[in-house]
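A quick write-up on the structure given underneath.
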Protein chains: 2
Amino acid sequence: MDTSSYDPSAFPAFAVTVDLVVLTVRPPALEVLLLKRPEAPAKGTWALPGGFVKPDQDLVEAAEFKLADKTGVVVDRAHLEQLQTFGSPKRDPRMRIVSVAYLAMVADPMAPELGNATWTPVDDVDRKALAFDHAEILATGIERARSKLEYTTLGTSFCSPEFTIAELRSVYEAAWGTTLDAANFHRKVLATDGFVEPTGRTESSGPGRPARTYTAGDADALHPAIVRPA
Amino acid sequence: MDTSSYDPSAFPAFAVTVDLVVLTVRPPALEVLLLKRPEAPAKGTWALPGGFVKPDQDLVEAAEFKLADKTGVVVDRAHLEQLQTFGSPKRDPRMRIVSVAYLAMVADPMAPELGNATWTPVDDVDRKALAFDHAEILATGIERARSKLEYTTLGTSFCSPEFTIAELRSVYEAAWGTTLDAANFHRKVLATDGFVEPTGRTESSGPGRPARTYTAGDADALHPAIVRPA
DNA sequence: TGCAATTATGGTCACTACGACAAGAACTAT
DNA sequence: ATAGTTCTTGTCGTAGTGACCATAATTGCA
């Protein structure tokens, strides 16, 4: 072992930031929260929300703070998990920045535009040329979210507090860009213990038979999984 | 947005390290590479291999370097992936350190002890009281490895270049701490395209019918998965 | 030499989960 | 009333699984 690497006075100094991939579902699209950068570098281009971590701030706290700041979302009603850390020496032109990316999944906030923030369908992001390596971070976040829908109950965190099976299905369809058989989806969701809990109430919007409503159950994992179609 | 957070001269300085969870399988145990710390802090206790990232070094490069350093493992023959980043303000007594943890899966290196490094069965680690938050990092790595065996072909990276189905099965059994039905495991592995490729050769060790040997296939994902028994 | 033990590999069978689809239930709109 | 829409339940053929049995091909020992 190299002794020098443990000399506290001689370690290389890095800046540490958090960047957030905040996803929501507004049928029929999976959408991401983007900010128009108001200053240099990359002024005027689109970027993920984020910022420097304070000296005494935990990483997750920094992410929670940024999330509340940009969306007004109560953290309790959202899912937030660490995504991946990006630390290429070239990723920021100014200095060596290591960014810990977080993935947030929130229910439709119904506040489309606030300040210079905007929800954008993820399929339209290509045209927006994101700043830095944010396109890569976003791609990682989208794939993580799509894959977690398969084997966890996190789909419910995209839904209203009280929702119908059809609303949950529209989450899967939007996120995966597919259509799912309503009858089979219904059967699978109800067959999984702890996925959803019936409220006893029903809800009617538009034509068709009114749907029973449910709340999120207390299970985290899905056994068996809801497999993404090929 | 707070303008001050983008002033390059006023960002908080962090130290960034990589820590490695290096796993191997030596039937019947899943084992991890531990180092006895030769100096303060936590001198004399066991810890995961790791070290500071150099100013112009990519995170993966730093991890690859440390892996080669400690194990002599050729990186091509091993699997290395980013695990999770740990950055609690309290995790190191000296200063604010953010550690990017990596998970490495290597075939049995046959070199049990080199210097102050040692392979330890993961079930015996509790008794060794790891330094800092390394117990948490290790637990995260073990769970990641166990779960990736289910839905990826990474089990082969714990095997010799040419291996038998039984050797692959012993990997799963060691990692999961279970026994698996040999016949059913055999059927499932061969039913998955790209998991293993037959060599046409056989290998005999000890009594019993000689087993055909295989090399790792080019598939990454397992469809359907090999589900861990409850 | 021959037999027992051992491991590899192949096969059967009942059960579960699934996709495709049909059909009934309960509403809205005209 | 009737058509259209959506929710919900049911049916059926197929694929995957675990438990288990059978056979193949070797080693080790009497």
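Note that these values count all heavy atoms, side chains included, but never hydrogens, waters or copies made by symmetry.
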Between Glu31(A) and Val25(A), is a side-chain contact (heavy atoms from CB on, under 4.5 Å) present by the stated rule, with each step listed? CA-CA 6 Å; Glu31(A) 307 199 344; Val25(A) 168; over 6 Å; no
Just the atom pairs and distances: protein N or O near nucleotides 14-16 of chain C's N or O, under 3.5 Å.
none

Pair Leu33(B)-Thr71(B), side-chain contact (heavy atoms from CB on, under 4.5 Å): steps then yes or no: CA-CA 9 Å; Leu33(B) 185 70; Thr71(B) 67; 3.4 Å; yes
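- Rounded to whole Å, atom C1' of dT6(C) lies 16 Å from atom CD of Glu203(B).
- Residues forming a salt bridge (charged side-chain N to carboxylate O under 4.0 Å, His left out) with Glu167(B) (at least two apart in sequence, or on another chain): none.
- Backbone-only engagement by Ala166(B) is indicated by non-hydrogen atom pairs under 4.0 Å involving sugar-phosphate atoms exclusively.
- A side-chain donor from one of Thr213(B) and Thr199(B) sits under 3.5 Å from a side-chain acceptor of the other.
- When rounded to the nearest whole Å, the span between CD of Glu167(B) and P of dT7(C) equals 15 Å.
- You'll find that the side chain of Pro207(A) is closest to dG4(D), out of dG4(D), dT9(C), dT6(C).
- Looking at which nucleotide of DNA chain D each of His186(A) and Ser204(B) is closest to, the 5′-most match is held by His186(A).
- The structure places OG of Ser147(B) at 9.5 Å from CH2 of Trp176(B), a figure rounded to the nearest 0.5 Å.
- Applying a 4.0 Å cut-off to non-hydrogen atoms, none of the residues of residues 156-163 of chain B approaches DNA chain C.
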For residues 220-230 of chain A, which side-chain donor-acceptor pairs fall under 3.5 Å, sequence neighbours excluded?
from, atom 1, to, atom 2, distance (Å)
Arg228(A), NE, Glu150(A), OE2, 3.2
Arg228(A), NH2, Glu143(A), OE2, 3.3
Arg228(A), NH2, Glu150(A), OE2, 3.0

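- Atom-to-atom distance recorded for Leu20(B):CG and Phe65(B):CZ is 12.0 Å, nearest 0.5 angstrom.
- Distance, Phe185(B) CZ to dT7(C) P: 17 Å, rounded to whole Å.
- Applying the salt bridge (charged side-chain N to carboxylate O under 4.0 Å, His left out) test to Lys148(A) and every residue at least two apart in sequence or in another chain returns Glu81(A).
- In this structure, His223(A) places its NE2 atom 13 Å from P of dA17(C), rounding to the nearest Å.
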CA sep, side-chain torsions, deciding dist, call: Arg37(A), Trp46(A), side-chain contact (heavy atoms from CB on, under 4.5 Å): CA-CA 6 Å; Arg37(A) 287 183 59 82; Trp46(A) 294 94; over 6 Å; no
Using a cut-off of 4.0 Å between protein heavy atoms and nucleotide atoms, how would you tag nucleotides 12-23 of chain D 5' to 3' with B, S and -? ----SBBBB---
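- Side-chain N/O atoms of Asp19(A) and Ser99(A) include a donor and acceptor closer than 3.5 Å.
- Here dA20(C) presents its C1' atom at 14 Å from CG of Leu180(A), a figure rounded to the nearest Å.
- Judged purely by atom type and a 3.5 angstrom limit, Thr153(A) uses its side chain to pair as donor or acceptor with the backbone of Ala219(A).
- The side chain of Arg169(B) has dA8(C) as its nearest neighbour among dT26(D), dA8(C), dT8(D).
- When rounded to the nearest whole Å, the span between CZ of Arg201(A) and P of dC27(C) equals 17 Å.
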